[in-house]
Number of protein chains: 2
Amino acid sequence: MLNSAEFRRNLQLSYIITMTTKTKVSKKDERKACILGHIVHTYVSDGTPVSSKLVARRMGGNVSSATIRNIMAELEHQGYITHPHTSAGRIPTDIGYRHYVDVIKNRIRFERREAQRLAEEYSKRIRTIKEVIKKTSYLISRELHNAGVVMWPGIEGVYLKHMDLVKVNSETILAVLVTMTNDVKNHIVRLDGELKKTELMRITNYINENFRTLPLMDISGSLRGLVNNVKEEDKETLSIAKNSLRVMDTIIEENLKNEIYWEGLNYFLEMSGSGDVDMTRNILEIFSEKEELVNLMRNELPYEGLNVYIGNENKSKKLSECSVITCGYTLHGRAAGRLGVIGPTRMDYDHALRTVGCLSNLISKKLAEINS
Amino acid sequence: MLNSAEFRRNLQLSYIITMTTKTKVSKKDERKACILGHIVHTYVSDGTPVSSKLVARRMGGNVSSATIRNIMAELEHQGYITHPHTSAGRIPTDIGYRHYVDVIKNRIRFERREAQRLAEEYSKRIRTIKEVIKKTSYLISRELHNAGVVMWPGIEGVYLKHMDLVKVNSETILAVLVTMTNDVKNHIVRLDGELKKTELMRITNYINENFRTLPLMDISGSLRGLVNNVKEEDKETLSIAKNSLRVMDTIIEENLKNEIYWEGLNYFLEMSGSGDVDMTRNILEIFSEKEELVNLMRNELPYEGLNVYIGNENKSKKLSECSVITCGYTLHGRAAGRLGVIGPTRMDYDHALRTVGCLSNLISKKLAEINS
DNA sequence: TTTAGCACTCGAAGGCTAGGAGTGCTAAAC
DNA sequence: GTTTAGCACTCCTAGCCTTCGAGTGCTAAA
């Protein structure tokens, strides 16, 4: 867990600063928001309901706990916080977290040192997308003590460098494809009719000569056009084009299935000891159903900027006690994939937003570098 | 969990049959072992300490609970079972499980239907070692509701079918290697000096022409011999041989790292809700340290037959509440890798032994088929 | 050798109480 | 009008006690 010093620093860095910045907000609203901020911070760090007394102390002691209590009652009335029971302190509701996040989101300070430290993790030795993705999900989970999730770049961002076909048996081949980012994709493809070795060579050469450095999607498109337009008589060309197309389409199709990578489930288990068992079960269910996770991450989100889904804002009921923070990354300057963190609603949003945002930048830069 | 009908069947199939088979064992010892068997079975299925009354009932009611109690006291004295507290039933100790396992191990009946059912899982569509391994670890975990672990065949069993080198930058290449089992291995290799495309081609051709269908280990050996024996003057040959060797050695080295695959951790999490949190934590630690797991599975075990390690028989203290059952499998008729299951000592050993043994057979057969 | 009988043990579950953390409200102070 | 001291009230937590019963171990009889 995070130590209180770190929290206090965050507090000053973002939320508090925001709150004391003059806008058209009334002084009362300002303090209200400030108190909400303290409740969120304290609850996130301690995990126990926050009392008025504690907030008063955290605020420097210029306000009495009774005053805080009055404001807390209002906050509760407005739905930002709630009570587990009469004689307990307050905890933030989803709405409370949402308000908090909305405020800090526009005020995130990416710290130089932090960014530097993370940047150094992407050493020269990392040279493929796969390595970048693994490293990134590891970093997310390590930094935030929650599950880190990274999606592969959509197939649109995959460019061909080299292809090879290896015979498996009379009608089956193994297609091995090297991308411009030096990632290797391979799949077994059943071909149209029996092929001799020379024909295999011709297909290989055809693709390598004509389509090097092009996006797989475009290659597939070109080939499809070719298949439709080639004359019926030209059987040989037709066969080559058809089989090339089949290879491409198989690779593309298979690629759509394996497009997500995650790490850090262990943090949930550590929590589950003390916390909610149901939540842990739900999370693990989501992670064991790859499709659900992929949908969760895709979900027609904008690629730009940070997305935060808190508790019941998530479509899946299984995530009603979790928050999901995601951010897009780019490849070839275009939107490519997403990365993010999944954890309990009781999460250090400030740190999470900073880290995910920062890694999104780093990963995009690194991919550009690999790709150059 | 397993239903009691299944347990009763197992009971009759193995342990009970064994116990009533005449050997030189005294009638008293025989019954003692039988009672131990019932305690193990009942405890494994229910998870609660087993009372004398329950055992008496399970044994058909011809014996009174008082008699059972007497024998239980002896069994406890001998260390086979123990008490959580005075007024509780008995649970097996590691020694108790050990005795039980020793008895049933030689009496396992592989059921036709069961074997058939598992065999059907290895459909025609599975054509690479990777797929076989994934499927197998999935089957282990699904059947036994515990973690299934499968090691890749040692590099000794990997034969070259085809190799390709793709340039990454001036001194770095990507080596893509297709094995005789149509698995693809690829790694980035830093070469000795800058290489032109033509030289790359020469290396590729050299390896493909001279070493196709040979074991990678032998190829590495031959190349090493060549490097040592080639004349200093013949710079070109020397360079080719050196770089070929580097490629091979990198692939071999990298291969040693990624040689294990597992599935089914979720079952531990399901258990951890009701059971021991410490054990779950320990297990997860083992699984997050790949090396530890590899050592565990390697551990100079004989490749033939089933190996069982119960509780504290395991070298690692983290596994003191777990049992590990492993079995070797073959490739090209030779010992290649291992598969197994890891779970709490409270495990259905009969079922586990049957399943692991059966899958070992199936996987060996399937690999032979792929390889032919 | 087996078993009925019985005293004994000890955990699980429920009820009870004391303590205390925290709230909400009121009335006084600023 | 806002803040705050004061106080009654709530209700959780922890500890203690009791009851209940499942299970054992022992003894003496079959």
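Chain identifiers are assigned alphabetically (A, B, ...) following the order of the sequence lines, protein sequences preceding nucleic acid strands; residue numbering begins at 1 within each chain. Since this is a predicted model, take the numbers as computed values, not measurements.
For the OP1/OP2 pair of D:dA5 and a distance below 4.0 Å, the side-chain nitrogens and oxygens of A:Arg69 include no atom meeting the criterion. Listed pair A:Ser51 / C:dA21 fails the phosphate criterion, with no side-chain N or O lying under 4.0 Å from OP1 or OP2.
In this structure, the side chain of B:Asn314 engages the main chain of B:Gly311 through a donor-acceptor pair within 3.5 Å. A donor-acceptor pair is defined here as one N or O able to donate and one able to accept, closer than 3.5 Å; such a pair exists between the side chain of A:Thr93 and the backbone of A:Gly79. With hydrogens and angles ignored, the 3.5 Å screen pairs no side-chain donor or acceptor of A:Lys105 with any backbone N or O of A:Leu353. Distance alone, capped at 3.5 Å, is enough to place a donor-acceptor pair between the A:Arg346 side chain and the A:Val44 backbone.
Across the strands present, C:dA29 finds its partner in D:dT2; the criterion is a Watson-Crick or G-U wobble pair with both atom distances under 3.5 angstrom. Across all strands shown, the partner of D:dA8 is C:dT23, judged by Watson-Crick or G-U wobble contacts whose two distances both fall under 3.5 Å.
Of all nucleotides listed (D:dT3, D:dG23, C:dT2), D:dT3 comes nearest to the side chain of A:Arg31. When each of D:dT4, D:dG25, C:dG24 is scored by its nearest atom to the side-chain atoms of A:Val63, the top-ranked nucleotide is D:dT4.
With rounding to whole Å, A:Arg90 atom CZ is found 13 Å from C:dA21 atom C1'. Rounded to an integer number of Å, the gap from A:Ile81 CD1 to C:dG24 C1' is 14 Å. Rounded to a whole Å, the CD atom of A:Glu76 is 10 Å from the C1' atom of C:dT23. Distance A:Leu54 CG to C:dA21 C1': 12 Å, rounded to the nearest Å. Per the geometry, NE2 belonging to B:His83 stands 6 Å off P belonging to D:dT24, to the nearest Å. Atom CD1 of A:Ile68 is separated from atom C1' of C:dG24 by 15 Å (rounded to the nearest Å). Regarding A:Ile35, its CD1 atom lies at a distance of 12 Å from the P atom of C:dT23, rounded to whole Å. Taking atom NE2 on A:His77 and atom C1' on C:dG24, their separation rounds to 15 Å, with Å as the unit.
Along DNA chain C, the nucleotide nearest to B:Asn70 and the one nearest to B:His85 differ in position, and the one closer to the 5' end is contacted by B:Asn70. Mapping B:Ala66 and B:Ser87 onto DNA chain D by nearest heavy atom places B:Ser87 closer to the 5' end of the strand.
Taking a cutoff of 4.0 Å between a charged side-chain nitrogen and a carboxylate oxygen, B:Asp94 and B:Arg98 do not qualify as a salt bridge.
Within 4.0 Å (heavy atoms only), A:Ser65 reaches no atom of the nucleic acid at all.
At a cut-off of 3.5 angstrom, the base of C:dC10 holds no donor-acceptor pair with the side chain of B:Thr86.
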